[in-house]
Amino acid sequence: MTKPPVIAIDGPSGSGKGTIASELASKLDFNYLDSGAIYRTLGIAVQKANVDFMNHAQIVEIYNKSDISFESVKPHNVILNGKDVSMLIRSQMGSDVASKLGQIPEIRDILLEGQRAYRREPGLVADGRDMGTTVFPDASLKIFLTASVKERAKRRYKQLITKGIDATLPDLLQDLEERDKRDTERTVSPLKPAEDAVTLDSTDLTIDEVVNQILKLFLK
Ligand code: DC
């Protein structure tokens, strides 16, 4: 039986992959998986439970007891145990705890099955760090989306300010550089393009331009 098609979009923080993946999912009427939101939400649950990030067994226990879901319509609000945590997970703390969790092999393993469950008819657009390399190695199309670190910091700044979340550009730049380092240097599923991925640099492209390029590649 053929599985539903997957468009995997990976890339560093602020490359625009979330916005682009969600837009593509709407255009194609596909399901959408924001894998970073799962890491962020679990991170918040761990933080709330006051559990040390070194205590992997207890983090697994928290994951098993947590109910994490996404609303199917945009902006895909994220619900943790019945509470909307969409704003909280986008905070600096949410970014930090997610990146830390991403470095723990056991956590990456237990999240695999849950992520793959989003692959349903008529198809899926999934964004993250390891969608094309580990979670959906048989994806129909793999995109590695990049942009300069300065441009990514500017985009994140705009995004946070629009949402009413406090931020400064130098802090965001430093945070992105630290997260890039953690995400690319970790031993398990590091952030890197899959061998068969198409790399797109979005520094000087609009969202529509990137979406259209990906659509062309998918539909050809
Ligand atoms: O995509 P994002 O910025 O929301 O992701 C937040 C953090 O979660 C990121 O710094 C690393 C981690 N993450 C991961 O390790 N693997 C994924 N597939 C998605 C996110």
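As the structure lists them, so they are numbered: ligands from 1, and atoms in each ligand from 1. Index from 1, following the sequence.
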(message) Side chain, backbone, both or neither: which applies to Arg179 and ligand 1 if a contact is any heavy-atom pair less than 4.0 Å apart?
(response) side chain
(request) Please check if any side-chain donor atom of Ser189 sits under 3.5 Å from a side-chain acceptor atom of Thr134, or the reverse. (result) yes
(message) Can you tell me which portion of Met131 lies within the under-4.0 Å heavy-atom range of ligand 1? Options are side chain, backbone, both, or neither.
(response) side chain
(request) Examine the proximity of ligand 1 to Arg186 and report which part, side chain or backbone, both or neither, has a heavy atom under 4.0 Å away. (result) side chain
(request) Quick one: look up the protein heavy atom nearest atom 16 (N) of ligand 1 and list residue, atom name and how far away it is. (result) Arg108 NH2, 2.9 Å
(request) Applying side chain to side chain donor-acceptor pair (under 3.5 Å) between Arg40 and each of Ser91, Ser95, Ser86, report the one that passes. (result) Ser95
(message) Using a 3.5 Å cut-off on N or O atoms only, is Asp130 in polar contact with ligand 1?
(response) yes
(request) May I ask which of Ser35, Ala98, Ser15 has a heavy atom nearer to atom 19 (C) of ligand 1 than the others do? (result) Ser35
(request) Indicate yes or no for a side-chain donor-acceptor contact from Arg152 to the backbone of Ser13 under 3.5 Å, with no hydrogens or angles considered. (result) yes
(message) Using a 3.5 Å distance criterion without hydrogens, assess whether the side chain of Asn81 forms a donor-acceptor pair with backbone atoms of Asp67.
(response) yes
(request) For ligand 1, note which part of Asp183 has a heavy atom under 4.0 Å away: side chain, backbone, both or neither. (result) side chain
(message) Closer than 4.0 Å to some heavy atom of Arg40 - which atoms of ligand 1 meet that?
(response) 2 (P), 3 (O), 4 (O), 6 (C)
(request) Name the closest protein heavy atom to atom 20 (C) of ligand 1, giving the residue it belongs to and the distance to 0.1 Å. (result) Gly36 CA, 3.5 Å
(message) Here's a test for you: under side-chain contact (heavy atoms from CB on, under 4.5 Å), which of Val73, Val78, Asn77 qualifies with Pro75?
(response) Asn77
(message) Check Glu151 with Arg155, please: is the shortest side-chain N to carboxylate O separation under 4.0 Å?
(response) yes
(request) Determine, using heavy atoms of Lys17 and all atoms of ligand 1, whether some pair is separated by less than 4.0 Å. (result) yes
(request) To the nearest 0.5 angstrom, please state how far the CG atom of Leu42 sits from the OH atom of Tyr63. (result) 8.0 Å
(message) With a sphere of 6.0 Å drawn around CD1 of Ile207, does it hold more than 12 non-hydrogen atoms of other residues, nucleotides or ligands?
(response) no
(request) Mark up the atoms of ligand 1 that fall under 4.0 Å of a heavy atom belonging to Gly102, in ascending order. (result) 15 (O)
(request) Among all protein heavy atoms, pick out the one at the shortest distance from atom 9 (C) of ligand 1; state its residue, atom name and that distance to 0.1 Å. (result) Arg129 NH2, 3.3 Å
